[in-house]
Visitor: 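Let me give you the structure first, and then I'll get to my questions.
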Amino acid sequence: MAALSKSIPHNCYEIGHTWHPSCRVSFLQITGGALEESLKIYAPLYLIAAILRKRKLDYYLHKLLPEILQSASFLTANGALYMAFFCILRRGLLTIYMANLVLLFCITAAMYMFFFRCKDGLKGFTFSALRFIVGKEEIPTHSFSPEAAYAKVEQKREQHKEKPRRMNMIGLVRKFVDSICKHGPRHRCCKHYEDNCISYCIKGFIRMFSVGYLIQCCLRIPSAFRHLFTKPSRLLSLFYNKENFQLGAFLGSFVSIYKGTSCFLRWIRNLDDELHAIIAGFLAGISMMFYKSTTISMYLASKLVETMYFKGIEAGKVPYFPHADTIIYSISTAICFQAAVMEVQTLRPSYWKFLLRLTKGKFAVMNRKVLDVFGTGASKHFQDFIPRLDPRYTTVTPELPTEFS
């Protein structure tokens, strides 16, 4: 058991910012590194999101940069303020263990898709994102009638006859899929009027697989071009990387499983029901086997809790607590950062790598040997590290590195 009631005589320089004795300088160095990495993360993310959402020129000129800076400053504050309060308080919280990833995502996906199918269940960006992923055909209410939908299909066919389409790669794939699924069945409750059920699922997989593949490629562009002249062969990894296909397989299989299950349930029950979304969403959650991401799973689960909480407030079933979301986030961040100092072995490697990236590696040079007195095994993965401390700024005579002892 961790002996958290014990105390140690070391100051924050001897434990935390061992690379520099000044708290102010260390804080500025952490802030600068975190800001740089935050911009690298959010700049391409917001740019891709703006392109996918077909933003107008006014957004790029007046809103894109402020939104990037706002999110970057938020992430920067997470890394920088932790070090600041580490110097002020030098205390923390205990860690928690994470739930089963795939099961959690299955439950989260089931509830999200149920709210998506319900009238006024989801609003804003969440609704728009799900509509982009699974398509408006899965929304129970539409602004156009079946007759109008068939008229649009016929109009498109006439346009295709008048103007021949260039046979690029996408056109060839579409023609291949259409040739396979041209005469397949479609249930009368299904609203994908242009396709039968088989073609509907296959096209959904191809579309979102392509989106996932392209997103992962775009995220790897900065690191790939960094080695443009030193290692040109690294550019091939931009297109032929395992992670690219994993994200594509995750998104593609999620959509195809959801659509396939929804169509299957419409066939066997002979009706279109919002409850179908719970089963289809749960089964679609299995797609996370292709792209296991704690970040995605935990973020979506937390946003689901937030959505249900506010729905409870609207219904008068749950009391309103001012700034509850901020308090919960602060506690969660404190727990994760405490684990990163006292019990690194309990963190997922991907999150630990993210913290190292955010702090330019400075999280790894904390003096965890003096924290072993608490019984958490803080230095378990840092046995060979001894910081080079300046005795003028220490309260305890520092241990010399091996080469000087």
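Atom set for the values below is all heavy atoms of this structure, side chains included, hydrogens, waters and symmetry mates excluded.
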Visitor: Can you tell me how far the CG atom of Leu355 sits from the OG atom of Ser350, to the nearest 0.5 Å?
Guide: 10.0 Å

Visitor: Indicate the atoms forming the closest heavy-atom contact of Leu35 with Thr76, along with that distance.
Guide: CA-OG1, 3.2 Å

Visitor: Would you indicate whether the side-chain heavy atoms of Phe209 and Ser253 approach each other to under 4.5 Å?
Guide: no

Visitor: Where do Leu247 and Tyr291 come nearest, in terms of heavy atoms and distance?
Guide: N-CD1, 3.6 Å

Visitor: May I ask you to decide whether Asp390 forms a salt bridge with Arg392, counting only side-chain N to carboxylate O separations under 4.0 Å?
Guide: yes

Visitor: For residues Phe321 and Ile327, determine if any side-chain heavy atom of one lies less than 4.5 Å from a side-chain heavy atom of the other.
Guide: no

Visitor: Kindly give the heavy-atom pair with the smallest separation between Asn367 and Val370, and that separation in Å.
Guide: O-CG2, 3.2 Å

Visitor: Would you sort out whether Gln70 and Phe74 count as a side-chain contact (heavy atoms from CB on, under 4.5 Å), showing the intermediate values?
Guide: CA-CA 6 Å; Gln70 182 181 17; Phe74 155 75; over 6 Å; no

Visitor: With a 4.5 Å heavy-atom cut-off, do Val134 and Phe116 have their side chains touching?
Guide: yes

Visitor: Are the side chain of Thr126 and the backbone of Leu122 linked by a donor-acceptor contact shorter than 3.5 Å?
Guide: no

Visitor: Is the terminal nitrogen or CZ of Arg207 (NZ for Lys, CZ for Arg) located under 6.0 angstrom from the six-membered ring centre of Phe254 and within 45° of that ring's axis?
Guide: no

Visitor: Using side-chain contact (heavy atoms from CB on, under 4.5 Å), reason through Ser71 and Leu75 one step at a time and then give a plain yes or no.
Guide: CA-CA 6 Å; Ser71 296; Leu75 187 57; over 6 Å; no

Visitor: How many angstroms lie between atom OG of Ser210 and atom CG of Leu251, to the nearest 0.5 angstrom?
Guide: 10.5 Å

Visitor: Side chains of Lys303 and Leu300: closer than 4.5 Å at any heavy-atom pair?
Guide: no

Visitor: Any idea how Phe245 and Tyr213 line up, ring-wise: parallel (<30°), tilted (30 to 60°), or perpendicular (>60°)?
Guide: tilted

Visitor: Check whether any side-chain heavy atom of Tyr200 sits under 4.5 Å from a side-chain heavy atom of Glu137, and report yes or no.
Guide: yes

Visitor: Can you list everything that forms a side-chain contact (heavy atoms from CB on, under 4.5 Å) with Val344? Sequence neighbours excluded, please.
Guide: Trp352, Arg368, Phe382

Visitor: With side-chain contact (heavy atoms from CB on, under 4.5 Å) as the criterion, how do Phe125 and Arg53 come out once you've worked through the C-alpha distance, each side chain's angles and the decisive distance to 0.1 Å?
Guide: CA-CA 10 Å; Phe125 176 76; Arg53 298 175 70 178; 3.1 Å; yes

Visitor: Between Tyr59 and Glu67, is any side-chain donor less than 3.5 angstrom from a side-chain acceptor?
Guide: yes

Visitor: Could you label the plane-to-plane angle of the Tyr42 and Tyr46 rings as parallel, tilted or perpendicular, counting under 30° as parallel and over 60° as perpendicular?
Guide: tilted

Visitor: Count the heavy atoms of every other residue, nucleotide or ligand shown that sit under 6.0 Å from OH of Tyr299, and state whether that count exceeds 12.
Guide: no

Visitor: How far does CD1 of Ile68 sit from CG of Leu47, to the nearest 0.5 angstrom?
Guide: 7.0 Å

Visitor: Would you find a donor on one side and an acceptor on the other, under 3.5 Å apart, between the side chain of Tyr320 and the backbone of Ile313?
Guide: no

Visitor: Taking the six-membered ring of Phe264, is the NZ or CZ of Lys259 close enough (under 6.0 Å from the centre) and on axis enough (within 45°)?
Guide: no

Visitor: Distance from Ile279 atom CD1 to Met113 atom CE, nearest 0.5 Å?
Guide: 13.5 Å

Visitor: For the residue pair Ser73 and Leu69, establish whether any side-chain heavy-atom pair is separated by less than 4.5 Å.
Guide: no

Visitor: Indicate the atoms forming the closest heavy-atom contact of His276 with Leu271, along with that distance.
Guide: CE1-O, 3.2 Å

Visitor: Could you pull out the closest heavy-atom pair between Ala340 and Phe363, with the gap in Å?
Guide: CB-CZ, 3.9 Å

Visitor: Rounded to the nearest 0.5 Å, how far apart are SG of Cys189 and CG of Leu265?
Guide: 11.5 Å

Visitor: Below 4.0 angstrom, N of the basic side chain to O of the carboxylate: do Lys63 and Asp58 qualify?
Guide: no

Visitor: Atom OG in Ser379, atom NZ in Lys369: separation rounded to 0.5 Å?
Guide: 5.0 Å

Visitor: Under a 4.5 Å cut-off applied to non-hydrogen side-chain atoms, are Tyr258 and Leu283 in contact?
Guide: no

Visitor: What pairs with Phe114 under side-chain contact (heavy atoms from CB on, under 4.5 Å), at least two apart in sequence or on another chain?
Guide: Cys118, Glu274, Leu275, Ile278

Visitor: Is Arg117 salt-bridged to Asp272, cutoff N-O under 4.0 Å?
Guide: yes

Visitor: Evaluate Phe115 against Leu130 for side-chain contact (heavy atoms from CB on, under 4.5 Å), listing each step before the verdict.
Guide: CA-CA 11 Å; Phe115 286 131; Leu130 287 177; over 6 Å; no

Visitor: Could you tell me if the ring centre of Phe105 sits under 6.0 Å from that of Phe250?
Guide: yes

Visitor: Indicate yes or no: at least one non-hydrogen side-chain atom of Leu371 is less than 4.5 angstrom from one of Met342.
Guide: yes

Visitor: Is the shortest side-chain N to carboxylate O distance from Lys360 to Glu37 below 4.0 Å?
Guide: yes

Visitor: Check whether any side-chain N or O of Thr394 sits under 3.5 Å from a backbone N or O of Pro391 as a donor-acceptor pair, and report yes or no.
Guide: yes

Visitor: What heavy-atom pair brings Cys190 and Arg266 nearest, and what distance separates the two atoms?
Guide: SG-NE, 3.1 Å

